[in-house]
Each structure stands twice: as C-alpha cells, then as structure tokens.
There are 2 protein chains.
Amino acid sequence: MADASMSSMEWEGSMTQTVAFQLSKLGQLSTALFAARLAPLGLRPRHCAVLELLRGGPLAQLELARAIGVTASVVVDMLDELQSLNAVRRVRDTEDRRRQLIELTPTGRDLGRQAFAAATETDAELLSGLDPAQLTALRSVLGAMAAERGLTGR
Amino acid sequence: MADASMSSMEWEGSMTQTVAFQLSKLGQLSTALFAARLAPLGLRPRHCAVLELLRGGPLAQLELARAIGVTASVVVDMLDELQSLNAVRRVRDTEDRRRQLIELTPTGRDLGRQAFAAATETDAELLSGLDPAQLTALRSVLGAMAAERGLTGR
DNA sequence: CCATATGATTCGGTATCCGAATGATATGAC
DNA sequence: GTCATATCATTCGGATACCGAATCATATGG
C-alpha cells in the first residue's frame, strides 16, 4: 500500500518524474521520429493536420487556423509549403472574395495516405517496448486528454 | 473482437488518432503550460533538467549535455542563462583545465524546488480530467517509455 | 458612401535546437 | 621534450516552429 519510493527523508521531488516533464520530452521525441519518416515525402509534422482536415472538403484559412490551433500567419506558411508540393490549391471564394478556399489535390490526398503510413510506422517504433495492456491504456488516456482539449491539429 | 471503427470502406486512417501525433501535440501543450508557470521564476522548461541533475553534485558541461540529450552548444546557452540568475557557477576543473565543473548555488537549489512545485501544479492542471485509474496507467506508461530511452532531460 | 470588421498576407521577433569552426588544454608517440 | 591528435567549451550561422502587429483587399451595416 505504502509506496516504497519515498523512504524516510524529505527529499526534493524529481521533476523528471512529473507527467508534464515526461510528456514534453516524449512529445519532442515523437515529433522528431515522425519528422524523420515524413522527410522523404517532403512533408513535416505540422502539415499533417492540414492534409487530414481537408479530406472532408475545402476550408478557409482561418477555419484551418482555428481547427489546428495556430495563428493565421502560420497557416499561410504551411499552405505555401503544401502548395509548392502541389498538395493543395487556393481557390477564391466567389461568395466572399476575401476568403481562400483550400482544397486538397489528388497529390495531396495521396501524400495524406503516405503520411498516415509514416505515422503508423512511428507509432510502432515508439510503442515497441510496451505490452498490449499498456498500449491500450496509453491510447485511451491520450485520446481522452486530446479530446478534452479539442486537439485536432499539429 | 472485431473493431467496429472501420466498418466497410477502405477509408484513409486518421493521423490525429495516432499516438505519435497526439504525443507531439500534448507534449507541446505540456511545455507551454509548464513554461507559463516557470516564467515568474525566470526559468524555462529546458533549464529544469540541469537544476535537477546538479542536485547530485557538480558535473562537467559535456556530462550535462549527454545526460540531457542535447549538444554542447545548447548547454552553453542554458548555463549562460542560469548563471545570469545566479543559479549555477562555472568552476575550472583543476585536474583538467579544459573542463568547467558546474555547481548549483543555494539560489539554484531553491529555484529547483520552486520549479518542482511549478511542475507539480502543471501536472494537476494537465491531469484534472482523468480518473485515478487512468492517472496511474499514464504515469506507469510514460515512465516506462521515458526510462527505456534514458530521457532524463528536456 | 463611408466607417468598421474580417480574411489573407507580410514582416519582424522569440525559442529551441543543430553542426561546423575555433581556441585552449591534455595526451600519447616518438 | 615536442609535436600531432583528441577533447572541452565556446562562438557563429542556420533550421524549425511559433507569435503578434501592420497592411491590403473586400464585406457589411448605418
């Protein structure tokens, strides 16, 4: 019942054992591993949320920004990059000529599929040391935390 | 037994549901929340691993770099910052005058304690929506993943 | 028709990391 | 001892990812 780890002394707690710290570090690791697998496609992790969101149909840039949780200027950069890969097109909204409707090209749709494969491979790499029970628990908890905060993007 | 989520069609999977993706995003969130709580102390997340490692006694800069998992030049930057806070001292190693032994000052020790408090608060914020079972599972899995890769630092 | 709001863009700034080049010191071959 | 080589810290330039303020075009409502 008693946890044996803190035996007797009032010892300063370990920061590296906090969830905040480990989540930061593992997030950084995940990003790096994912980026490495995306690199051959010319993609970077931040592009993936865009590719995924656009599967459902065209969106304006501000809609993308809000969905992903970044500012409008970041979206401009990402779309410039995706456009240079021919993954997306900007189309003026005829009903409101200020808006650009962003639509996925067939190339973009294909890149999305390959990116998903890369994500799956990264998962395998990241989770190789876990037993099935841990894996289930992790997925469930991360899903809960992400959903709770509406983290679609990045 | 059969997973109901992929019913009939060959539908492109969801990248935002992969562990790699969610871990990236949640790691980013953790870092931001932790940074916000550290800001009043003049610290940033990356300083914390240094403060913690030095609790055990002085270390050379390359030893810090290896323990934390960053390059030597990053350590130089972090130590410049910590030094300007009077949190650490650089002391030439008399046995090898190329080395700088980094030692924690009383101020640094105190900042470490306050940083730990900030990390604990961040955990509370981050984990508020989880039930005890999920919390236990998360800690166990993150601990396993972090330990497996020797992630001390940030 | 004009004031104001909104969408996209540009520009400059911040934070974090890396790798290559540099200078000081140590070490080992001879 | 001396010289080549290795190692430690540092500096410098570059990459990535983000933000916020300013700008321009277009809409909208009085």
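In what follows, chains are A, B, ... by sequence order, proteins preceding strands, each numbered from 1.
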Does B:Q22 use its side chain to pair, donor to acceptor, with the backbone of B:V19 at less than 3.5 Å?
-> no
In whole angstrom, give the distance that lies between atom CD of B:E81 and atom C1' of C:dT14.
-> 12 Å
Contacts under 3.5 Å, N or O only, protein and nucleotides 18-21 of chain C:
| residue | atom | partner | partner atom | Å |
| --- | --- | --- | --- | --- |
| C:dC18 | OP2 | B:T71 | N | 3.0 |
| C:dC18 | OP2 | B:T71 | OG1 | 3.2 |
| C:dG19 | O6 | B:S73 | OG | 2.9 |

Single-linkage hydrophobic cluster, 4.5 Å side-chain cutoff, A:L85 and B:M15 together | yes
Distance-only, no hydrogens or angles: does the B:Q17 side chain make a donor-acceptor pair with backbone N or O of B:S14 under 3.5 Å?
-> no
Write down the distance between CD (B:E63) and C1' (D:dC8), rounded to a whole number of angstrom.
-> 11 Å
Counting only N and O atoms by type, is there a donor-acceptor contact under 3.5 Å from the side chain of B:R92 to the main-chain atoms of B:R98?
-> yes
Write down the distance between CE (B:M78) and P (C:dA15), rounded to a whole number of angstrom.
-> 15 Å
If two hydrophobic side chains count as joined below 4.5 Å and joins carry through other members, does A:V91 share a cluster with A:M78?
-> no
State which of D:dC8, C:dG7, C:dT10 makes the closest approach to the side chain of A:D80.
-> C:dT10
Identify whether any heavy atom of A:A60 sits under 4.0 Å from a base atom; if not, whether one sits that close to sugar-phosphate; answer base, sugar-phosphate or nothing.
-> sugar-phosphate
Take the protein atom CG of A:L64 and the nucleotide atom P of C:dG7, then report the distance between them rounded to whole Å.
-> 13 Å
Verify same cluster id: B:L130, B:L126 (apolar side-chain graph, 4.5 Å) | yes
Any sub-3.5 Å donor-acceptor pair from A:D123's side-chain atoms to B:T18's backbone N or O?
-> no
Mind listing the residues from residues 91-102 of chain A sitting with a heavy atom below 4.0 Å of DNA chain C? Number order is fine.
-> A:R98, A:R99, A:Q100
Looking at the side chain of A:Q28, which of C:dC17, C:dA8, D:dT11 is the nearest nucleotide?
-> C:dC17
Between A:R89 and A:T105, is there a donor-acceptor pair closer than 3.5 Å when you use the side chain of the first and the backbone of the second?
-> no
Find the distance B:L62:CG to D:dA6:P and express it as a whole number of Å.
-> 16 Å
Evaluate the side-chain proximity of A:Q83 to A:I102: yes if any heavy-atom separation is below 4.5 Å, no if none is.
-> no
OP1 or OP2 of C:dA8 under 4.0 Å from side-chain N/O of A:R90 = no
Could you give the CD-to-C1' distance, from A:Q61 to D:dA25, as a whole number of Å?
-> 14 Å
